[in-house]
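A short write-up of the structure that comes next.
Note that the coordinates shown come from a computational prediction; the quantities given were computed from them, not determined experimentally. Side-chain atoms are counted along with the backbone in the values below, which use heavy atoms only and exclude waters and symmetry mates.
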Amino acid sequence: LLAAGVVQKAPLDQLPFEDSQFELVTAFNTLEYVPKDKLDAVLAELVRVARLRVLVAVQLPDFDNPNGLNGPGKLTPESFFPRTWWEERLEAHGLRLTQMRQSMYEQQFQYLAKAPLGPTDGVFVLTRMPSEGSPSARSQERVQCVGCSYMPLVYNIYAPLGLEGSQARMTMEASLVVGPSACNLVRGMDANPPKGLNKLMGLTRNEYVIEMSCPDLQDQGKVTFNTGEAAELPFDDAAFNLVMSVHDLEHVMEADLDTAIQ
């Protein structure tokens, strides 16, 4: 693999890759063997080459057997710290633990291994936080379900009960929610669907929001990230009966605003 170029040899604190080159960066049972004085430099490199996701696995101290940890060939860990230390160190480098995806990982591990993670298995499913002041960071401030208070009114207007005539023909049969609150709104509508709802989709321009709020809905195909041009939506013309833009347009560049509305 080394000869074929599939595997490369390089210092961990000088990775030969571009910034944000990889969707996912993994470090399995490696960091605990990095000398303490090199660890921050290595973590900084992992974060630099990751675009969004980082998965770290380290061995944690066994407080019932503090001298019982050795690696391959009886290697001795250089950076041997408890879980809370690793969480704080990783966050200091701009990585945040994604609780929901962490739980999904642990459930899948238990299903495949037929046993849960042990007390010395330090697994951290992480997301690279958006840089301060970036559009992603600003929209993250509106992730709370600011639109949830609107939904009773929306239901009453577009999915009224017991009405006839023109209002009865109004429908939420195919609905799209766009904005940083998409995860929460889709989750709420999914749990308490309006009359006639057959198709529901959420879209956010901030992939970090999905990682932190609804990776399960993304896996189910109910929420997606806009991977096209900043103002364009990846759907066919007239694909939805109702489109709800909830605190989204204020995060679109002014030059793209007319296109976003269209």
Side-chain angles (χ1 to χ4, degrees), residues 1-132 136-137 207-208 210-212 215:
L1 293 178
L2 187 63
V6 177
V7 174
Q8 297 187 42
K9 184 178 180 180
L12 293 180
D13 58 352
Q14 299 178 41
L15 297 178
F17 306 115
E18 301 293 330
D19 294 355
S20 304
Q21 184 170 337
F22 300 100
E23 293 293 320
L24 171 66
V25 173
T26 62
F28 295 125
N29 297 112
T30 300
L31 296 178
E32 62 264 50
Y33 299 104
V34 174
K36 296 180 182 68
D37 62 340
K38 295 283 189 180
L39 189 58
D40 280 327
V42 172
L43 289 174
E45 278 294 272
L46 295 181
V47 174
R48 180 185 67 80
V49 301
R51 191 184 70 79
L52 184 66
R53 302 178 182 92
V54 176
L55 178 59
V56 169
V58 296
Q59 294 184 51
L60 303 175
D62 183 353
F63 294 105
D64 294 327
N65 184 19
N67 298 315
L69 177 64
N70 285 298
K74 300 299 182 181
L75 290 174
T76 301
E78 297 275 351
S79 299
F80 194 31
F81 302 108
R83 179 179 299 275
T84 53
W85 186 94
W86 282 107
E87 289 177 352
E88 292 173 0
R89 198 81 233 122
L90 293 164
E91 185 163 352
H93 282 272
L95 296 172
R96 180 167 292 175
L97 195 67
T98 54
Q99 298 287 353
M100 191 171 293
R101 200 174 283 282
Q102 176 90 20
S103 178
M104 293 164 63
Y105 177 93
E106 292 175 0
Q107 291 173 14
Q108 185 70 5
F109 178 91
Q110 182 168 353
Y111 173 77
L112 295 174
K114 309 300 181 185
L117 291 169
T120 62
D121 296 322
V123 176
F124 304 91
V125 183
L126 305 150
T127 299
R128 181 179 176 179
M129 291 185 283
S131 56
E132 188 175 353
S136 291
E207 196 172 11
Y208 176 74
I210 295 179
E211 284 298 299
M212 297 306 297

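In this structure, the side-chain contact (heavy atoms from CB on, under 4.5 Å) partners of L112, at least two apart in sequence or on a different chain, are Q108. The side-chain contact (heavy atoms from CB on, under 4.5 Å) check on V42 picks up L12, D13, L31, V34, with sequence neighbours excluded.
Nearest heavy atoms, P61 versus T120: O-CG2, 4.1 Å. A pairwise comparison of heavy atoms in V125 and Y105 identifies CG2-CB, 3.9 Å as the closest pair. The two atoms that bring L39 and W85 nearest to each other are CD2-CH2, 3.5 Å, heavy atoms only. Residues P35 and S79 come closest through the heavy atom pair C-OG, 4.0 Å. What you find for P215 and M104 is that their closest heavy atoms are CG-SD, 4.1 Å.
For S20 and R48, the side-chain atoms include no donor-acceptor pair closer than 3.5 Å. A donor-acceptor contact closer than 3.5 angstrom links the side chains of Q107 and S103.
T127 places no side-chain N or O within donor-acceptor distance of the main-chain N or O of T98, the cut-off being under 3.5 Å. Between the side chain of E45 and the backbone N or O of L15 there is at least one donor-acceptor pair closer than 3.5 Å. Panel note: side chain Q102, backbone V123; a donor-acceptor pair is recorded below 3.5 Å. Panel note: side chain R128, backbone V47; a donor-acceptor pair is recorded below 3.5 Å.
Taking the side chain as every heavy atom from C-beta outward, R89 and F81 never approach each other to under 4.5 Å. Side-chain atoms of L97 and E87, non-hydrogen and from C-beta on, do get closer than 4.5 Å to each other.
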For H93 and D40, what are the C-alpha separation, side-chain angles and deciding distance, and is it a side chain to side chain contact (heavy atoms under 4.5 Å, CB included)? CA-CA 8 Å; H93 282 272; D40 280 327; 2.9 Å; yes
Assess whether side chain to side chain contact (heavy atoms under 4.5 Å, CB included) is satisfied between Q59 and D121, documenting all intermediate values. CA-CA 5 Å; Q59 294 184 51; D121 296 322; 6.0 Å; no
Let me see the working for E207 and R51 under salt bridge (Lys or Arg N to Asp or Glu O under 4.0 Å), right down to the final yes or no. CA-CA 11 Å; E207 196 172 11; R51 191 184 70 79; 2.6 Å; yes
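Judged by the 6.0 Å distance and 45° axis criteria, R83 is positioned over the aromatic ring of F124.
Heavy-atom neighbours of F28 CZ from other residues, nucleotides or ligands within 6.0 Å: above the threshold of 12.
The CZ atom of F80 lies 8.5 Å from the CD atom of E32; values are rounded to the nearest 0.5 Å. Here CG of L2 is found 8.5 Å from CD of Q8. Values are rounded to the nearest 0.5 Å.
Each of L126, V49, T26, L24 was evaluated against V54; a single residue qualifies, L126, per the side-chain contact (heavy atoms from CB on, under 4.5 Å) test.
Between K36 and E78 there is no salt bridge, since none of the side-chain N atoms of the basic residue sits less than 4.0 Å from a carboxylate O of the acidic one.
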